[in-house]
Amino acid sequence: MKKLIFLFTFILCASTLKAQLKWYSPLGGDTAYISGRGWNQEMKDNYHRLPNQFKDQVRPALWNLSNNSAGLYISFFTNAPQLIVKYTVNEDKSLNNVAYLAKSGIDLYCSDKNGKVSWCACPLQFNFGKTTADTITFPYRRLPVNASQGFEYRLYLPLYNTVTSMKIGVPVGSTFFFEPLPQEKPIVVYGTSIGQGASASRPGLCWTNLLQRRLDMPVYNLAFSGNGRLEDAMFKILSQIDAKMYIIDCLPNIDEPDSIMPRILRGMKILRSKNNAPILFTEHDGYSFLGDGSYLHKVEALNRQLKETFQRLKASGYQQIYYLSQDEIGMMQDMDTQVDGLHANDIGMRYYADAYQKKIEEIIDYHPLSQFLPVRQFRDYPSYMGYLRHVEVLERNHRVNPDVVMIGNSITHYWSGEPKHATLHRGDKSWKKLFGKRTVTNLGFGWDRIENIAWRFYHGELDGITPQHIFLMAGTNNIGLNSNEEIANGVVWLVGRIRQLQPQAHIHVVKIYPRANGEERVKAINDLIEKKLKTDSRTDLVDCTSVLSDKNGKIDRSCFTEDGLHPNGTGYERIAKVYKRYLNE
């Protein structure tokens with residue numbers, strides 16, 4: 001009897017939960033909210049990696065694998081305490097050397113308002129059904145809860161199966177929206193089964209997905225199990241993508257070492273006919289099983305041919321080409337890195353991700369200060385969503401080449417200008433008077449700290465534009481978290497990064513504005529910035545302290561809102577008069 005009561009209660013609760021959910025589909029609208037691939041407009045109705053235009057250009061085996069969703073992910077925001085993902089696939093749900101969860105499962109990660117990433121477990125709740133046609137269900141009932149702030153989520157799709165439908169359910173009344181697709185140039189991976197995900201235990205642990213999270217950059221996974229063969233057709237497809245860089249990691253699928261050089265030489269001509277993005281060539285990682293030595297000799301021959309090919313490319317004058325060796329990957333230094341002697345397990349996937357991350361950071365000059373590792377944030381939500389504003393900035397960069405760029409936090413954002421994304425503007429009049437007919441882009445983000453501004457620099461917010469003036473004010477939100485020395489060093493680092501990205505610009509480094517009950521510390525930080533910053537004909541210091549302070553060195557309350565931090569209309573008018581001197585120089 002007790003069992004019957006328990007069963008009835010369980011069914012009732014499940015039915016009630018189902019009735020109280022609202023469902024969202026990544027497909028079906030004008031935009032397919034599927035990240036990790038190009039040609040998204042052509043694939044609004046599916047979860048594939050390549051569009052139909054290429055079906056007749058590649059071999060059937062490769063085409064079928066391109067329908068698998070390896071590397072694809074869905075980004076969304078919600079404050080729901082739980083969610084359920086239901087989806088269907090059209091292939092067998094298991095594979096000999098790939099776990100159920102990796103072949104056909106999904107994987108969920110979340111980020112809090114400060115950009116801290118956490119994995120979301122689904123402990124023994126998922127249900128794959130009994131047949132291929134059965135709906136797969138992943139109920140996430142133990143999500144982190146912050147009803148007012150919410151979390152950003154990233155849902156990775158199956159590595160070795162083809163998703164045919166999907167929906168995400170959250171309790172009615174919860175906030176939910178899909179995030180815009182990344183606007184940045186992607187890292188494009190052309191590879192083999194290891195790149196596709198064999199044999200990670202779950203999708204999030206495939207090395208391409210590990211890399212995507214670590215760098216927080218779009219990564220396109222165009223790795224195909226057994227079919228990464230350096231073919232002309234694939235190089236033509238790669239050339240259509242406006243990439244940040246390409247990774248060519250195909251040697252495990254090459255049978256004849258002598259074929260490597262002619263294939264790569266042809267491929268390079270194809271790629272370089274369209275763009276000059278960096279290209280990273282990767283050696284065979286090796287096999288970890290003992291045998292008669294034939295496999296070892298084959299790997300050595302493959303790697304030797306790749307090295308010779310690379311050297312020939314260098315001698316021929318090819319620029320922006322790089323090399324990742326077997327020793328740098330390091331798989332053969334650890335006998336526990338492969339699941340079957342061929343394919344990387346979770347340990348091996350980390351070896352791959354570590355090696356690629358190190359190499360990529362060298363190539364893209366990713367050298368932030370250790371105290372300020374770049375990270376995104378959305379601390380000003382629900383006023384506005386930080387990532388949505390970031391996307392608006394990138395879209396504006398495609399449309400507008402500004403004369404002036406203003407970089408800062410909410411003090412900058414809430415002055416005026418485009419993109420707005422916030423209804424609160426306290427200085428429209430002074431902004432218009434200051435800039436007149438100049439085209440200005442406002443890169444102020446509420447609650448931005450030095451590490452968040454650094455993230456924006458590495459994610460395209462100063463790309464594709466050539467402003468003549470850049471005003472930078474940073475550091476006030478790091479007070480209470482970092483030392484005076486660290487904040488000053490961070491500001492100076494930001495200036496150096498701006499100079500790398502915008503060599504033509506006049507950089508105006510604005511000293512931190514005074515703040516209530518913190519005037520002395522702000523002065524100490526500003527003094528350090530002045531001491532450490534090297535000024536020249538195109539780099540100067542802007543000091544608004546005197547126009548925002550009274551005769552006792554405290555803030556002039558008539559210039560600030562009640563918080564004693566944000567300027568009001570009067571404050572912005574005084575700031576504008578100081579800025580004008582530098583615009584007229």
Side-chain angles (χ1 to χ4, degrees), residues 377 379-380 383-384 386 389 393 402 404-436 438 440-450 452-453 456 469-480 487 491 494 507-527 529-530 540-584:
Q377 58 90 6
R379 286 184 285 269
D380 230 13
S383 296
Y384 65 91
R389 178 167 171 78
V393 168
V404 182
V405 169
M406 304 284 285
I407 301 171
N409 46 55
S410 56
I411 294 172
T412 300
H413 185 187
Y414 294 148
W415 188 348
S416 188
E418 297 289 342
K420 289 186 177 180
H421 213 101
T423 57
L424 183 60
H425 278 166
R426 296 190 174 105
D428 287 331
K429 183 177 179 180
S430 58
W431 180 280
K432 292 177 183 178
K433 185 176 180 180
L434 171 63
F435 295 117
R438 293 179 186 265
V440 185
T441 294
N442 186 327
L443 293 190
F445 285 74
W447 274 109
D448 249 17
R449 299 170 183 158
I450 292 169
N452 308 128
I453 297 174
R456 304 188 191 290
H469 296 274
I470 297 177
F471 287 84
L472 168 71
M473 187 184 69
T476 192
N477 287 326
N478 290 90
I479 295 175
I487 293 172
V491 171
L494 290 175
I507 303 175
H508 311 293
V509 185
V510 183
K511 289 186 176 182
I512 299 173
Y513 298 159
R515 52 192 291 172
N517 304 315
E519 293 91 344
E520 291 184 5
R521 184 167 183 196
V522 168
K523 182 180 184 306
I525 296 170
N526 285 337
D527 288 345
I529 293 173
E530 185 170 3
D540 49 44
L541 269 169
V542 179
D543 193 348
C544 296
T545 304
S546 62
V547 301
L548 298 174
S549 303
D550 61 22
K551 62 183 180 180
N552 298 314
K554 301 297 183 181
I555 66 166
D556 184 340
R557 286 283 180 178
S558 69
C559 296
F560 292 87
T561 61
E562 292 182 1
D563 63 11
L565 173 66
H566 293 85
N568 57 20
T570 299
Y572 283 122
E573 286 178 5
R574 295 186 182 183
I575 292 168
K577 290 179 181 179
V578 177
Y579 280 30
K580 187 174 182 179
R581 304 172 200 160
Y582 296 87
L583 286 174
N584 292 336

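Bear in mind the structure is a predicted one, so any value in this text is a computation, not a measurement. Hydrogens, waters and symmetry mates play no part in the numbers below; they use all other heavy atoms, side chains included.
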Might you work through the side chain to side chain contact (heavy atoms under 4.5 Å, CB included) test for Asn526 and Leu541, ending with a clear yes or no?
CA-CA 10 Å; Asn526 285 337; Leu541 269 169; over 6 Å; no
Basic-acidic side-chain contact under 4.0 Å: Asp527, Lys523
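Between Lys523 and Asp527 there is a salt bridge, with a charged N closer than 4.0 Å to a carboxylate O.
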Go through the structure and list residues passing ring-ring contact (aromatic ring centres under 6.0 Å, His included) with Phe435, not counting sequence neighbours.
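So Phe435 forms a ring-ring contact (aromatic ring centres under 6.0 Å, His included) with Trp431.
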Taking only residues two or more places apart in sequence or in another chain, which ones pass ring-ring contact (aromatic ring centres under 6.0 Å, His included) with Tyr572?
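For Tyr572, the residues satisfying ring-ring contact (aromatic ring centres under 6.0 Å, His included) (neighbours in sequence not counted) are Trp415.
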Atom pair [atom1] ([X]) and [atom2] ([Y]), whose distance is rounded to the nearest 0.5 Å:
X: Phe445; Y: Ile453; atom1: CZ; atom2: CD1; result: 10.0 Å
X: Arg456; Y: Asp448; atom1: CZ; atom2: CG; result: 4.0 Å
X: Asn568; Y: Glu573; atom1: CG; atom2: CD; result: 9.0 Å
X: His413; Y: Asp380; atom1: NE2; atom2: CG; result: 8.0 Å

Main-chain N/O of [Y] paired with [X] side-chain donor or acceptor, under 3.5 Å:
X: Gln377; Y: Gly446; value: yes
X: Thr412; Y: Met406; value: no
X: Arg515; Y: Thr476; value: yes

With side chain to side chain contact (heavy atoms under 4.5 Å, CB included) as the test, pick out the partner of Met473 among Val510, Ile407, Ile575.
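Result: among Val510, Ile407, Ile575, Val510 is the only option passing the side chain to side chain contact (heavy atoms under 4.5 Å, CB included) with Met473.
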Could you report the tightest heavy-atom contact between Leu548 and Pro514, atom names first, then the distance?
CB-CG, 3.9 Å
Shortest non-hydrogen separation from Cys559 to Thr570 and the atoms involved:
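Reported closest heavy-atom pair: SG-CG2, 4.3 Å.
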Checking side chain to side chain contact (heavy atoms under 4.5 Å, CB included) for the pair His566/Ser410: CA distance, chi angles, key distance, verdict?
CA-CA 8 Å; His566 293 85; Ser410 56; 2.7 Å; yes
Crowded around Asn517 CG? As in, over 12 foreign heavy atoms under 6.0 Å?
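Not more than 12 within 6.0 Å, no.
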In sequence, state the C-alpha distance, the side-chain angles, and the governing distance for Lys511 and Glu530, and then conclude on side chain to side chain contact (heavy atoms under 4.5 Å, CB included).
CA-CA 8 Å; Lys511 289 186 176 182; Glu530 185 170 3; 2.8 Å; yes
Can you classify the ring geometry of His508 versus Phe471 as parallel (below 30°), tilted (30 to 60°) or perpendicular (above 60°)?
tilted
Test side chain to side chain contact (heavy atoms under 4.5 Å, CB included) on Tyr579 and Val404 and set out the steps.
CA-CA 12 Å; Tyr579 280 30; Val404 182; over 6 Å; no
We want to know whether Asn452 and Arg379 form a side-chain donor-acceptor pair, criterion being a heavy-atom distance below 3.5 angstrom.
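Yes - a donor-acceptor pair under 3.5 Å links their side chains.
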